[in-house]
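Below: the structure, in structure tokens.
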2 protein chains.
Amino acid sequence: MEYTVQKLGRLAGISTRALRYYDEIGILKPARINSSGYRIYGVKEVDRLQQILFYRELEISLERIKAIMNDPSFDLNEALKAHREQLLDKRKQLDLIIANVEKTIASSEGRMIMSDKEKFEGFKQKMIEDNENKYGNEIRGKYGNKTVDKANEKVMNMAQEDHEEAGRLAEEIKAALAEARKTGDPSSETAQKAAELHKQWLMFYWSEYNKEAHADLAQMYVDDERFRKYYDEKHPGTAEFLRDAIHIYTVK
Amino acid sequence: MEYTVQKLGRLAGISTRALRYYDEIGILKPARINSSGYRIYGVKEVDRLQQILFYRELEISLERIKAIMNDPSFDLNEALKAHREQLLDKRKQLDLIIANVEKTIASSEGRMIMSDKEKFEGFKQKMIEDNENKYGNEIRGKYGNKTVDKANEKVMNMAQEDHEEAGRLAEEIKAALAEARKTGDPSSETAQKAAELHKQWLMFYWSEYNKEAHADLAQMYVDDERFRKYYDEKHPGTAEFLRDAIHIYTVK
DNA sequence: CTACACCTTTACGCAGCGTTAAAGTCAACC
DNA sequence: GGTTGACTTTAACGCTGCGTAAAGGTGTAG
């Protein structure tokens with residue numbers, strides 16, 4: 001069977017330009033050139049093109065493909081088996097990404113909540129690791145994995161309504177805190193109410209309440225820049241005020 | 001948390017050049033520029049970059065990503081669903097290519113014949129031309145579709161271990177054949193053992209054994225140049241010898 | 001004060017083609 | 001045998017997503 005550029009292109013699903021380019025760079029030369037200068041490809045070229053496409057599917061550069069295929073020690077069978085393995089790996093990766101997209105869809109429809117980390121699961125990027133280490137691990141080490149992990153777990157699986165409810169609670173806490181700060185007294189009634197609200201809010205994320213952990217968390221709000229920023233946004237010192245209120249609350 | 005180019009690059013697993021490029025094309029601008037002209041990125045930019053990488057993994061051009069992320073009426077949900085469809089398509093195509101590799105392996109081992117069209121299955125989005133293969137169709141007509149198709153099906157679904165086991169068997173057959181050929185007698189014990197091994201090997205690919213089909217296949221090994229080549233590689237006449245041995249084996 | 005690792009802009013290079021442009025070829029139908 | 005229309009050719013520039021200098025400024029540790 002003989003093919004002109006377009007016929008081979010249609011057969012293989014690539015453009016005529018690509019075939020001419022392959023000729024140009026010497027990775028796939030036609031079997032012969034006819035009297036009018038047309039490129040004519042034969043059976044061997046078809047097979048070679050198939051090989052090229054296999055490699056290209058693995059995102060190997062044409063340069064390297066050429067080197068590989070011109071290597072006299074090139075073992076077709078071995079190469080094919082390697083292809084199979086690599087393609088199976090690729091499929092696994094793809095499955096991860098598909099799972100990710102599905103989770104993201106669920107998340108965008110409010111059926112699920114994703115942690116930032118989850119959002120990027122499936123992408124080979126090592127990513128946040130370094131960063132996670134700086135803060136995440138530090139805090140984990142200090143306050144224990146269980147507390148943080150359980151919170152994460154619950155946050156991740158929490159239904160949307162819960163999230164909204166928690167959001168309302170968070171607003172209430174903010175309001176109560178703003179009110180309480182005017183008194184300047186963390187043991188005041190409003191301050192203690194804020195601490196109580198904070199406990200309730202926490203219970204959306206923690207599986208079980210524990211005074212010590214609550215007190216530790218309050219300290220974390222002061223120690224960790226990101227948390228502190230959240231509370232101190234409008235009124236500096238709020239994080240510390242909340243910590244004090246919670247510390248009083250937890251020993252009562 | 002604030003990041004310079006290199007820090008953010010390390011965080012996200014991309015180059016500083018890429019970050020400058022993203023700034024240049026306006027897809028990701030730093031939160032601010034410090035007094036020395038350094039790019040400083042903040043939390044929002046980190047999130048945005050993660051989004052960008054997410055889209056990029058889905059093989060969307062930066063141009064489109066930019067449009068997507070700048071368009072306030074962009075429907076995330078719709079886009080995600082479209083992405084999912086594309087990814088599922090991609091997986092289907094990948095499965096086709098994997099099946100293609102499996103078939104090509106079978107073909108290179110002489111267990112199967114592929115039409116030119118088949119060789120590119122999975123690479124093309126659409127199958128357009130019916131490009132008839134001289135051999136494939138001929139032999140299908142001659143020996144029946146069922147035999148060949150069933151073999152294909154099984155090859156495609158075959159598990160890894162089976163494949164390796166089959167490979168070992170193929171080696172055994174080769175060895176037995178080489179041994180048997182010395183006797184020159186296809187009815188000799190070693191020749192019959194080779195035929196028996198060949199049957200076992202076949203059973204990796206056929207769903208059920210059938211003496212007639214086995215005998216037909218043996219004849220095919222002689223008739224078809226490509227199969228014959230595989231067996232005659234070292235010792236011409238081996239294909240015929242095997243055929244004779246199998247013919248004797250199948251009437252026993 | 002000196003390393004040295006960072007940062008900046010400018011600018012050319014590269015793969016793997018897509019895309020004209022200008023011109024020749026082939027088969028079919030009139 | 002002439003025209004059409006789908007094919008082919010070479011030559012050349014364009015595009016994306018950066019890599020890779022080059023030439024210089026900055027930050028900080030020793």
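Letters A, B, ... mirror the listed sequences (proteins, then strands); counts begin at 1.
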Quick one: closest heavy-atom pair of [X] and [Y], and the distance?
| X | Y | answer |
| --- | --- | --- |
| A/Q6 | A/T16 | CA-CG2, 3.8 Å |
| B/I52 | B/I65 | O-CD1, 3.8 Å |
| B/S108 | A/L76 | CB-CD2, 4.1 Å |
| A/A31 | A/G42 | CB-N, 3.9 Å |

Nucleotides bounding contact with chain A, strand DNA chain D, heavy-atom threshold 4.0 Å: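 Listed 5' to 3', the contact boundaries are D/dC7 to D/dA12.
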Partner residues of A/R91 under the salt bridge (charged side-chain N to carboxylate O under 4.0 Å, His left out) criterion, sequence neighbours left out: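 Only B/D95 meet the salt bridge (charged side-chain N to carboxylate O under 4.0 Å, His left out) criterion with A/R91.
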Grab the N/O contacts between the protein and nucleotides 19-23 of chain C below 3.5 Å, and write none if there aren't any.
residue : atom : partner : partner atom : Å
C/dT19  : O4   : A/R17   : NE           : 2.9

side-chain N/O B/Q6 vs C/dC7 OP1/OP2, d < 4.0 Å: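 Result: yes.
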Mind listing the side-chain donor-acceptor pairs of residues 22-29 of chain B below 3.5 Å, one per line with the distance, residues two or more places apart or on another chain?
residue : atom : partner : partner atom : Å
B/Y22   : OH   : B/R56   : NH1          : 3.1
B/D23   : OD1  : B/K29   : NZ           : 3.4
B/D23   : OD2  : B/R39   : NE           : 2.8
B/K29   : NZ   : B/D23   : O            : 3.2

For B/Y41, ring pair (Phe, Tyr, Trp, His ring centres under 6.0 Å) partners two or more places apart: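 For B/Y41, no residue satisfies ring pair (Phe, Tyr, Trp, His ring centres under 6.0 Å) once neighbours in sequence are set aside.
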Length of the CD1-P vector between A/I52 and C/dG16, whole Å: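 Result: 12 Å.
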Residues A/E59, A/K90: salt bridge by 4.0 Å N-O rule: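 Salt bridge flag = yes for A/K90 with A/E59.
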Touch class at under 4.0 angstrom, heavy-atom based, for A/R64 against every strand present: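 Since no nucleic acid heavy atom lies under 4.0 Å of A/R64, the category is nothing.
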Aromatic ring pairing A/F54/A/H83, orientation class (parallel under 30°, perpendicular over 60°, tilted between):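 The rings of A/F54 and A/H83 sit tilted, inter-plane angle from 30° to 60°.
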5' priority, DNA chain C, between B/V5 and A/L19 [closest heavy atom]: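 It is B/V5, whose closest nucleotide lies nearer the 5' terminus.
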Steps toward salt bridge (charged side-chain N to carboxylate O under 4.0 Å, His left out) verdict (A/E240, A/R181): CA-CA 11 Å; A/E240 287 184 27; A/R181 264 186 55 86; over 6 Å; no
Neighbours of DNA chain C within residues 20-47 of chain A, by heavy-atom distance under 4.0 Å: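 Hits under 4.0 Å, by residue number: A/Y21, A/Y22, A/S36, A/Y38.
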